[in-house]
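Right, one structure below, let's go through it.
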Amino acid sequence: MKHSIKVCDDEQRTTNKNQVMSPELLALIERVRAVVNDRLLRLTQVKVKTGLASSTIWKYVKHGTLPPPIRIGSRSACWKESEISAWIDANAFASRSEKPVNIKMFVALLINSKVHSD
């Protein structure tokens, strides 16, 4: 299974910083924030859910295009299931939409404490 994330060049990144996230993706972020009893997923579970290899998961985390894990110990990390599900939904939206989606911006909004929809 081949996965793709739309990567913007430097000019598009500058332009996209001034763009507002689509209402559909902002609503998705709000739904994630409303989750009360969220499950934590280990790396193996994230691999199964996303279909990505470990190295790709860590590369995306490093580049800010996948939500980072939550540290639950000195050598343990887990991902919030709601964030991984939202990331999958955002990528599905991006692949089926004519509108460009800045996944890096989406992830940044997703993991920040408050979404500004001005």
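One-based numbering along the sequence shown.
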Any side-chain heavy-atom pair of Ser85 and Lys49 under 4.5 Å: yes
Criterion side-chain contact (heavy atoms from CB on, under 4.5 Å) on Glu81 and Gln45, from CA distance to verdict: CA-CA 9 Å; Glu81 184 175 33; Gln45 295 167 305; over 6 Å; no
Side chain proximity check, Asp89 to Asn91, heavy atoms < 4.5 angstrom: no
Remaining members of hydrophobic cluster (4.5 Å side-chain criterion), Leu40: Ile70, Ile72
Derivation of the side-chain contact (heavy atoms from CB on, under 4.5 Å) call for Phe106 and Leu28: CA-CA 10 Å; Phe106 174 79; Leu28 178 60; 3.8 Å; yes
Test log, rule side-chain contact (heavy atoms from CB on, under 4.5 Å), inputs Lys47 and Leu43: CA-CA 6 Å; Lys47 286 170 50 177; Leu43 179 59; 4.1 Å; yes
Check: Arg42 and Ser76 side chains under 4.5 Å, non-hydrogen atoms: yes
Arg39 and Leu41, any side-chain heavy atoms less than 4.5 Å apart: yes
Any Pro69 side-chain heavy atom under 4.5 Å of Val61 side chain: yes
Student check: side-chain heavy atoms of Trp79 and Pro68 closer than 4.5 Å: no
Side-chain donor or acceptor of Asp38 paired with backbone N/O of Lys80 under 3.5 Å: no
side-chain contact (heavy atoms from CB on, under 4.5 Å) assessment of Thr50 paired with Trp87: CA-CA 9 Å; Thr50 63; Trp87 179 84; 3.9 Å; yes
Side chain Thr65, main chain Ile103, donor-acceptor under 3.5 Å: no
Main-chain N/O of Leu110 paired with Arg33 side-chain donor or acceptor, under 3.5 Å: yes
Leu26 side chain near Leu109 side chain, heavy-atom distance below 4.5 Å: yes
Test item: Val46 and Ile57 side chains (from C-beta on) under 4.5 Å apart, heavy atoms: yes
Cluster link Trp58 to Ile88, ILVMFWY, side chain under 4.5 Å: yes
Nearest heavy-atom neighbours spanning Ala92 and Ser95: O-OG, 3.0 Å
Atom pair OG (Ser82) and CG (Asn37), whose distance is rounded to the nearest 0.5 Å: 11.0 Å
Distance, nearest 0.5 Å, that separates NZ of Lys104 from NE2 of His63: 7.5 Å
Distance-minimising heavy-atom pair for Pro67 and Ile111: CB-CG2, 4.1 Å
